[in-house]
Amino acid sequence: MRRQGSILVIDDEEIMREILDTLLTREGYTVRLASSGRDGVELARSTPFDAVITDMMMPEMDGLQVLAAVRAIDDDLPVIMVTAFASMETAVSAMKKGAFDYI
């Protein structure tokens with residue numbers, strides 16, 4: 001299997017990190033995990049990634065704050081927002097702030 005790129009997954013729920021890690025690794029991606037927005041942003045500062053997948057609803061630093069911090073580090077880095085609590089307002093806000101996609 002050929003490696004296709006590196007993805008940073010940021011989610012405060014361990015089960016979601018594990019599921020995304022398993023699925024993405026199975027597809028050939030190198031995956032790094034962060035359990036908080038702050039940890040994820042630190043990883044993004046120190047390690048080059050091809051994409052970021054982040055949860056919207058996290059304590060301390062939510063997905064929109066992660067998006068802003070990651071965009072400040074690398075404005076071209078695709079950030080995919082994921083949430084179980086979707087609303088039209090947050091989707092529009094995330095896309096206007098530069099999210100690549102909102103799931």
Side-chain angles (χ1 to χ4, degrees):
M1 185 181 313
R2 191 171 68 84
R3 188 176 294 177
Q4 298 179 4
S6 60
I7 299 176
L8 171 59
V9 174
I10 307 169
D11 200 308
D12 61 323
E13 293 185 35
E14 184 177 7
I15 189 72
M16 282 305 297
R17 290 191 311 270
E18 291 175 359
I19 290 169
L20 289 170
D21 184 28
T22 299
L23 292 172
L24 294 167
T25 300
R26 195 177 293 159
E27 292 299 317
Y29 294 99
T30 300
V31 180
R32 294 286 304 266
L33 305 173
S35 60
S36 72
R38 291 179 199 274
D39 291 346
V41 170
E42 287 305 312
L43 273 172
R45 278 194 184 104
S46 64
T47 307
F49 290 99
D50 296 302
V52 174
I53 299 174
T54 185
D55 187 19
M56 280 290 296
M57 303 294 288
M58 295 182 290
E60 295 182 29
M61 186 176 210
D62 69 20
L64 291 175
Q65 292 169 315
V66 169
L67 173 62
V70 168
R71 303 287 297 170
I73 295 165
D74 181 351
D75 195 42
D76 293 326
L77 183 61
V79 178
I80 299 168
M81 313 296 287
V82 179
T83 186
F85 306 101
S87 76
M88 185 61 74
E89 294 165 3
T90 57
V92 169
S93 180
M95 299 305 283
K96 282 184 176 180
K97 292 179 180 181
F100 180 79
D101 205 349
Y102 183 92
I103 301 169

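Nothing fancy with the numbering, it's 1 onward along the sequence. Any value given below was found using the heavy atoms of this structure, including those in side chains, with hydrogens, waters and symmetry copies removed.
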Ignoring hydrogens, what is the shortest heavy-atom contact between Met61 and Ala69? Give both atom names and the distance. CE-CB, 4.0 Å
Can you sort out the partners of Asp75 under side chain to side chain donor-acceptor pair (under 3.5 Å), two or more places apart, ordered by chain and number? Arg71
Val66 side chain reached by Ile10 side chain, heavy atoms, under 4.5 Å: yes
Of all heavy-atom pairs between Leu8 and Gly40, which one has the smallest distance, and what is that distance? CD2-O, 3.4 Å
Got a sec, which residues hit side chain to side chain contact (heavy atoms under 4.5 Å, CB included) with Val31, two or more places apart in sequence or on another chain? Val9, Asp21, Leu24, Thr25, Tyr29, Leu33
For Asp39, give me all partners under side chain to side chain contact (heavy atoms under 4.5 Å, CB included), at least two apart in sequence or on another chain. Ala34, Ser35, Ser36
Give a yes or no on whether the backbone of Ile7 and the side-chain of Asp50 come within a donor-acceptor separation of less than 3.5 Å. no
Distance col, row Lys97:NZ vs Leu64:CG, nearest 0.5 angstrom, shows 5.0 Å
Going by heavy atoms in the side chains, are Met56 and Asp62 under 4.5 Å from each other? no
Could you tell me which residues satisfy side chain to side chain donor-acceptor pair (under 3.5 Å) with Glu42, sequence neighbours excluded, listed by chain and number? Arg45
Sorted by chain and number, sequence neighbours left out, side chain to side chain donor-acceptor pair (under 3.5 Å) with Glu60 holds for Arg38
Interatomic spacing from CD in Glu13 to CG in Asp55 - rounded to 0.5 Å: 6.5 Å
If I take atom CZ from residue Phe100 and atom CG from residue Leu67, how far apart are they, to the nearest 0.5 angstrom? 13.0 Å
Between CD1 on residue Ile19 and CD on residue Glu14, distance to nearest 0.5 Å: 11.0 Å
Taken in chain and number order and not counting sequence neighbours, the residues that satisfy side chain to side chain donor-acceptor pair (under 3.5 Å) with Asp12 are none
